[in-house]
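As the structure is a computational prediction, the values presented were derived from the model and not from experiment. A note on names: the letters A, B, ... follow the listed sequences, proteins ahead of strands, and every chain is numbered from 1. Hydrogens, waters and symmetry mates play no part in the numbers below; they use all other heavy atoms, side chains included.
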There are 2 protein chains.
Amino acid sequence: MTQGQPGPFSIVPFVSVDDMMKLTLDIGVEQMLYDLAQWIEQDFRRWEQFEKTPRVAAHSDEGVIELMPISDGEAYGFKYVNGHPKNTRSGRQTVTAFGVLSDVENGYPVLLTEMTLLTALRTAATSAMVARHLMPEGASTMAMIGNGAQSEFQCLAFRAVCGIKRVQLFDIDPAATAKAVRNLEAQGLDVVGCASSQEAVEGAQIITTCTADKQYATILTDNMVGNGVHINAIGGDCPGKTELHRDILTRSEIFVEYPPQTRVEGEIQQLDADHPVTEMWKVITGQAPGRTSSRQVTLFDSVGFATEDFSALRYVHAQLKTYPYYQNLDLLADPDDPRDLFGMLMRKQAQSGMS
Amino acid sequence: MTQGQPGPFSIVPFVSVDDMMKLTLDIGVEQMLYDLAQWIEQDFRRWEQFEKTPRVAAHSDEGVIELMPISDGEAYGFKYVNGHPKNTRSGRQTVTAFGVLSDVENGYPVLLTEMTLLTALRTAATSAMVARHLMPEGASTMAMIGNGAQSEFQCLAFRAVCGIKRVQLFDIDPAATAKAVRNLEAQGLDVVGCASSQEAVEGAQIITTCTADKQYATILTDNMVGNGVHINAIGGDCPGKTELHRDILTRSEIFVEYPPQTRVEGEIQQLDADHPVTEMWKVITGQAPGRTSSRQVTLFDSVGFATEDFSALRYVHAQLKTYPYYQNLDLLADPDDPRDLFGMLMRKQAQSGMS
C-alpha cells in the first residue's frame with residue numbers, strides 16, 4: 001500500500017440514501033421487495049442458528065434509540081434505529097436507521113448502509129412473506145389503515161409477494177391517504193381512498209394496520225374484523241403502543257417473530273404473558289400449523305426483528321458485487337504494522353508537513 | 001431543499017481515519033490527550049447523570065464484537081468495537097472501532113467517526129487522568145509493559161497529564177519494544193528499552209501493563225511491585241483475560257470505572273465478587289479517598305467504559321466547529337414530506353430517468 005493512503009483493510013463500503021434509492025430503482029421496487037421476502041424467509045428457515053438478543057433500547061420522553069444486534073456465527077449485523085413520533089413536526093422522520101454488517105472471524109465491518117429506506121422495504125417484505133403463509137386462499141383485496149411512510153411499501157410488497165390487486169386506504173389524516181392514493185395509482189394498483197376504517201376493511205381479506213402514535217390506540221375494533229381475515233399489525237412496536245382492541249386478539253390465532261420481544265412490544269402486551277402464540281419460523285419450517293380453516297382470523301403481531309435486518313444487510317451487501325451504488329469509506333485504521341498505530345500517525349505528519 | 005439533493009436533516013458529519021489523524025496532528029497529540037483527559041474527567045464528575053448499560057457483546061471463538069451505548073439524557077453515544085487477538089496475523093488490528101453520537105430529542109445521529117485511533121487516545125487519556133489522582137507524589141518514571149498499538153499513547157498521555165519524564169519499555173517481542181522506543185524517542189521522551197519486566201519496573205513509580213492475549217496471563221508478579229507504586233492495568237478487558245498475579249490484587253487498593261463491568265472483564269474477575277473496590281468517579285468528586293499513604297499500592301483496573309467514549313465523541317463533535325476534518329454523509333432519508341418516503345423514491349426515479 002502507498003504511504004498515507006488508506007490500506008486494503010481500512011475501507012468499508014457505504015450505501016447512502018441516494019445510493020439505496022438508485023439500487024432500489026435499478027433492481028425495481030417490487031422485485032427488491034420480492035427478493036427481500038425470499039432472503040428473509042431463508043433466514044427464518046435457519047432460525048435456530050442465530051444468536052438472538054432482545055434489542056437494547058434507550059428510552060426518553062420523546063422517543064427511543066435502539067441497537068439491534070444479531071449473528072449467525074459467520075456474519076454479525078446490527079441496526080441503529082430511532083422512534084420519535086413527534087419528529088414529523090420538525091420535518092424529520094419518525095423512524096430513521098442505519099446498519100452495519102461485519103465478519104465474525106475478524107470483527108471488521110464489511111458494509112455500512114442507510115437503513116431508513118431499507119427498513120421500510122424489509123418490513124413490508126416480512127409482512128408479505130408472512131401473509132403468504134397465513135392469508136386466506138384467493139385473497140385479492142387489502143385494507144391499509146395508516147397511510148404514512150410505510151404504507152406504499154406494504155401495498156407493493158403484498159402485490160409482489162401475495163398477488164393482491166386492490167388496496168383500500170384509510171388514515172385519520174385525509175392528506176396522508178391522498179398522498180398514498182396518488183403514489184399507488186401511479187404504480188398501477190387498484191386503489192380506493194376511504195373515509196373510515198370501517199369502509200376500508202369492507203370486502204378485504206387482509207387488513208394491515210400501520211399507525212405511529214406512541215400510545216395505546218384502538219385502530220380496529222372486533223366488529224370490524226370478519227371471519228377468515230388475515231390481520232397484519234405493524235404499528236404496535238414498543239411498550240405502551242398498540243393498535244388493536246383486545247377482543248380481536250383473543251379471537252385470533254396469533255403469530256409472532258420472537259416471543260420475548262413481542263410480549264413487551266407487540267399487540268400481545270395487552271394479554272397474559274402465557275397467552276399462546278405461534279412463532280413464524282415454526283410455521284415456515286412446517287413444525288407448527290399456520291392457518292387451519294377458512295373462517296379463522298390469523299394475526300401477525302409484527303414488531304420487527306433483527307434477523308430481518310440481517311437478511312436485508314446481507315442482501316444489500318451481495319448486490320454490491322453487481323451494482324456500483326456505494327462509496328468507499330476510510331472507516332478503519334490500517335497501519336502497515338498493526339501494532340504501530342502511533343507510527344501511522346507520525347508518518348501522516350511527515351507526509352503532510354504538519355507540526 | 002432542491003429535489004433529489006440530500007436535505008438538511010439527511011447529513012451526518014463523518015470523521016474518517018485520515019481526518020482523525022489530521023485533527024489529532026493539527027491539535028497536537030499531547031494537547032489532544034490533555035484535552036480528552038479534561039473532558040473525560042468532567043463526565044466522571046457527573047457520573048450519576050448517565051444511563052449506564054453494560055456493553056452488549058457477541059462472542060465467538062476468534063474474538064468479540066461489542067456495542068457500548070450510553071446517554072446523559074441529552075446526547076446518546078455508542079461505540080462498535082471488536083477484539084480479535086489473532087488479527088495481527090492477517091495484518092489487521094486487534095481492536096478497531098467506530099462510534100456515533102446522537103441527539104436524544106429526535107434520535108438523529110450528529111456524528112459518525114472512526115474510533116480506532118480515538119479509542120487509543122481516550123484510553124491513554126483516561127489512564128493518565130486516573131493516575132493524576134492516584135500516583136505517588138513526584139512520580140517521574142513509568143514502566144510500560146506491552147509495547148503494542150496503545151503503548152506510545154499511554155506514554156505521551158502520562159507526560160502530558162502527569163508530568164512523567166522517563167519510560168522503561170518491555171515486550172515479549174523485542175521488535176515491538178524497538179518500534180515503541182523509536183517512536184517515543186522522536187517525541188523527546190527519555191526512553192529505555194528493557195530485556196525483562198523486572199528491568200522495566202526498576203525505579204518506576206508507575207507501572208502500566210497493556211498486553212493483548214485473550215487468556216489468563218501473569219505479566220507482573222507480586223515481588224516485582226514495590227510499595228507506593230501506582231499500577232495502571234489496561235490489558236485485562238474481557239472475560240478470561242487478565243495480566244496481574246492475584247497476590248498483587250489482594251495487596252492493592254483497587255480502583256475501577258464501573259464495577260458491574262469490571263467484575264466480569266477486569267483483573268478483579270480473579271477475586272470474590274464482593275472484594276472491595278473504589279469507583280473512580282467517587283474519588284474524583286471527593287466522595288471516596290484515593291491514595292492514602294506513600295507506601296500504598298494503588299491499582300487502576302481499567303477495562304474501558306462507555307462514558308469515556310461518550311466524552312471523546314462529544315469532544316470530536318465540538319472540534320468540528322473549528323476544524324474542517326470531516327465529510328458530509330447522506331446517511332438519513334429526508335423526504336420533503338416525512339410521511340412520503342415512497343414519494344422521495346419516485347421523484348428520484350423521475351429525476352434520474354430510471355425505469
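- In this structure, B:Phe98 and A:Phe78 have parallel ring planes: the angle between them is below the 30° cut-off, well short of the 60° mark.
- A:Asn87 touches chain B through its side chain: at least one heavy atom from C-beta onward sits under 4.5 Å away, while N, CA, C and O do not.
- Side-chain contact between B:Gln93 and A:Leu341 is present, with heavy atoms from C-beta onward closer than 4.5 Å.
- Using cut-offs of 30° and 60° on the angle between ring planes, the pair B:Phe342 and A:Phe153 is perpendicular.
- A donor-acceptor contact under 3.5 angstrom links the side chains of A:Tyr80 and B:Ser102, judged on distance only.
- Looking at B:Ala124, neither its backbone nor its side chain comes within 4.5 Å of chain A, counting heavy atoms on both sides.
- With a 4.5 Å cut-off on non-hydrogen atoms, B:Met344 touches chain A through its backbone and its side chain both.
- By number of non-hydrogen pairs under 4.5 angstrom with chain B, the leading residue of A:Gly73, A:Pro109, A:Ser71 is A:Pro109.
- Listed options A:Thr88, A:Leu331, A:Thr116 were ranked by heavy-atom pairs under 4.5 angstrom with chain B; first place goes to A:Leu331.
- Contacts between A:Leu112 and chain B at a heavy-atom distance below 4.5 Å involve the side chain alone, from C-beta outward.
- Counting all heavy atoms, side chain and backbone alike, A:Ala175 lies closest to B:Arg339 at CB-NH2, 4.4 Å.
- For a residue to count as touching a neighbouring chain, one of its non-hydrogen atoms must lie under 4.5 Å from one of that chain's; by this rule B:Glu51 touches chain A with the side chain only.
- If you measure heavy-atom distances from B:Ser90 to chain A, the contacts under 4.5 Å come from the backbone alone.
- Of the possible polar contacts, none joining the B:Asn106 side chain to the A:His84 backbone as a donor-acceptor pair under 3.5 Å is found.
- Heavy atoms closer than 4.5 Å to chain A are found in the side chain of B:Val29, but not in its backbone.
- With a threshold of 4.5 angstrom between heavy atoms, B:Leu156 approaches chain A through side-chain atoms but not through N, CA, C or O.
- By the 4.5 Å heavy-atom criterion applied to side chains, A:Asp18 and B:Lys348 are counted as neighbours.
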